[in-house]
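Working notes, beginning with the structure itself.
Letters A, B, ... mirror the listed sequences (proteins, then strands); counts begin at 1.
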Protein chains: 2
Amino acid sequence: MEHEPRELLQIMARRFGLLNKNCCSIGNNDISLIQSHILYEIARQHQPSMQQVADTLGMDITTFSRQVQTLIKKKLVKKTPLPEDRRVYILSLTVEGTFVTGAIDQMMNDYLEEVFSFMNDFEKETVMRSLKLLNDSMLKSKMCCTPMG
Amino acid sequence: MEHEPRELLQIMARRFGLLNKNCCSIGNNDISLIQSHILYEIARQHQPSMQQVADTLGMDITTFSRQVQTLIKKKLVKKTPLPEDRRVYILSLTVEGTFVTGAIDQMMNDYLEEVFSFMNDFEKETVMRSLKLLNDSMLKSKMCCTPMG
DNA sequence: CTCATTACTTGTAATTTGCAAGTTATGTAG
DNA sequence: CTACATAACTTGCAAATTACAAGTAATGAG
């Protein structure tokens, strides 16, 4: 059975996406997949602006703006004006947002731990290194994988 | 720099998703990301039914039904009643659909080839094997990555 | 024949989306 | 200091997407 890179990546990305989709209902909060991505990036980046997160996710800024409004209504995200440049808003998680984001992360990692349980330590290590290598290579590529393509 | 499995996968899946998103405009046809996934799966599966493809993609069948209608209007997909069970429709690509799907595939593979060009043969081989292993493990997992979670 | 089930479609209403056009703030040129 | 371009973000709006509920048509089971 011949496997092209695209096929392997397509199926993996899809499976991971489905996993991600299923991880979004935490307690009372019903979080959409995109919202979970936004939370994840706010947690990961250091005091990001709206534009930064939108770019990272390859989202239209207007769509992003409205999604952030929703997350603020849910009391998961906070928007702070940047003193040095008052056009800019800095995004951060509220206490509840941190909790929800952490819970999603926990669930994802539990699931992934199960996936990795089918491998031995050597395989695990190899897979992790491969993913890192792939990510680095994607970053190096000019035409690939950036929001503007 | 410590990397969790989730972080690596999340970023990779996102980058691949963005790549996929950018690959969808072929000639006059403006194909959405979801439509490109549908085309891909119809090409990949052997005479799939609607339900089969919808399940593979983890999509609601009613949403899927309408997306297929759109693709039929665009003359990219054909729906054929199955003689043995007339509730079922078999999906296939039209000539134009095959062309468009092939063009998208070509573009994706060109991009990925560039990504892999940053690796030597051994690394390439390792990465491919790792992806295969990861896919297999995801398939083995019960709780992970299936449409129903 | 009846009734449950499966595969798929349509009604409908809510959500999401992105372009265009706006506001406000910053930087730059004269 | 006064334009004027640009950047960051928001809103208007119309179109696309979504999913639940309810429908049709075909199959299968009792």
Q. Whole-Å distance between D/dA15 P and B/D30 CG?
A. 16 Å
Q. Is any side-chain heavy atom of A/Q10 closer than 4.5 Å to a side-chain heavy atom of B/F16?
A. yes
Could you go through residues 80-92 of chain B and list every donor-acceptor pair under 3.5 Å that involves a side-chain atom there, pairing it with any protein atom two or more places apart or in another chain?
{"residue": "B/D85", "atom": "OD1", "partner": "B/R87", "partner atom": "N", "Å": "3.1"}
{"residue": "B/D85", "atom": "OD1", "partner": "B/R87", "partner atom": "NE", "Å": "3.1"}
{"residue": "B/D85", "atom": "OD2", "partner": "B/R87", "partner atom": "NH2", "Å": "2.8"}

Q) Do the non-hydrogen side-chain atoms of B/V68 and B/F64 ever get within less than 4.5 Å of each other? A) yes
Q | Side-chain touch A/Y40/B/R6, heavy atoms, less than 4.5 angstrom | A | yes
Q) In residues 34-42 of chain A, what residues come within less than 4.0 Å of DNA chain D, judged by heavy atoms? A) none
Q. Hey, are the side chains of A/K140 and B/E114 touching, using non-hydrogen atoms and a 4.5 Å cut-off?
A. no
Q. Do the non-hydrogen side-chain atoms of A/N109 and A/D105 ever get within less than 4.5 Å of each other?
A. yes
(Q) What is the separation between atom CG on A/L33 and atom C1' on D/dA19, rounded to the nearest whole Å? (A) 16 Å
Q.
Do A/F118 and A/E123 have side chains that approach each other closer than 4.5 Å (heavy atoms only, starting at C-beta)?
A. no
(Q) Using the rule side-chain hydrogen bond (donor to acceptor under 3.5 Å, both in side chains), only one of A/Q45, A/E41, A/R44, A/Q51 pairs with A/T56; which is it? (A) A/Q45
Q: Please round to the nearest 0.5 Å and tell me the distance separating atom OG1 of B/T126 and atom CG of B/N120.
A: 8.0 Å
(Q) So if I take residues 61-69 of chain A and measure heavy-atom distances to DNA chain C, which residues fall below 4.0 Å? (A) A/T62, A/T63, A/R66, A/Q67
(Q) Quick check for you: name the first and last nucleotides of DNA chain C, 5' to 3', having an atom under 4.0 Å from a heavy atom of chain B. (A) C/dT6 to C/dT12
Q) At what distance, to the nearest 0.5 angstrom, does CD of B/E113 lie from NZ of B/K124? A) 7.5 Å
Q) Do B/F116 and A/P5 have side chains that get closer than 4.5 Å, going by heavy atoms? A) yes
(Q) Are B/I11 and A/I34 linked, directly or through intermediate hydrophobic residues, by side-chain heavy-atom contacts shorter than 4.5 Å (ILVMFWY only)? (A) no
Tell me which donor-acceptor pairs under 3.5 Å the side chains of residues 69-77 of chain A have, and how far apart each pair is, sequence neighbours excluded?
{"residue": "A/T70", "atom": "OG1", "partner": "A/R66", "partner atom": "O", "Å": "3.0"}
{"residue": "A/K74", "atom": "NZ", "partner": "A/D30", "partner atom": "O", "Å": "2.5"}
{"residue": "A/K74", "atom": "NZ", "partner": "A/Q35", "partner atom": "OE1", "Å": "3.2"}

With 3.5 Å as the limit, what N/O pairs link the protein to nucleotides 25-30 of chain D?
{"residue": "D/dT27", "atom": "OP1", "partner": "B/R86", "partner atom": "N", "Å": "3.1"}

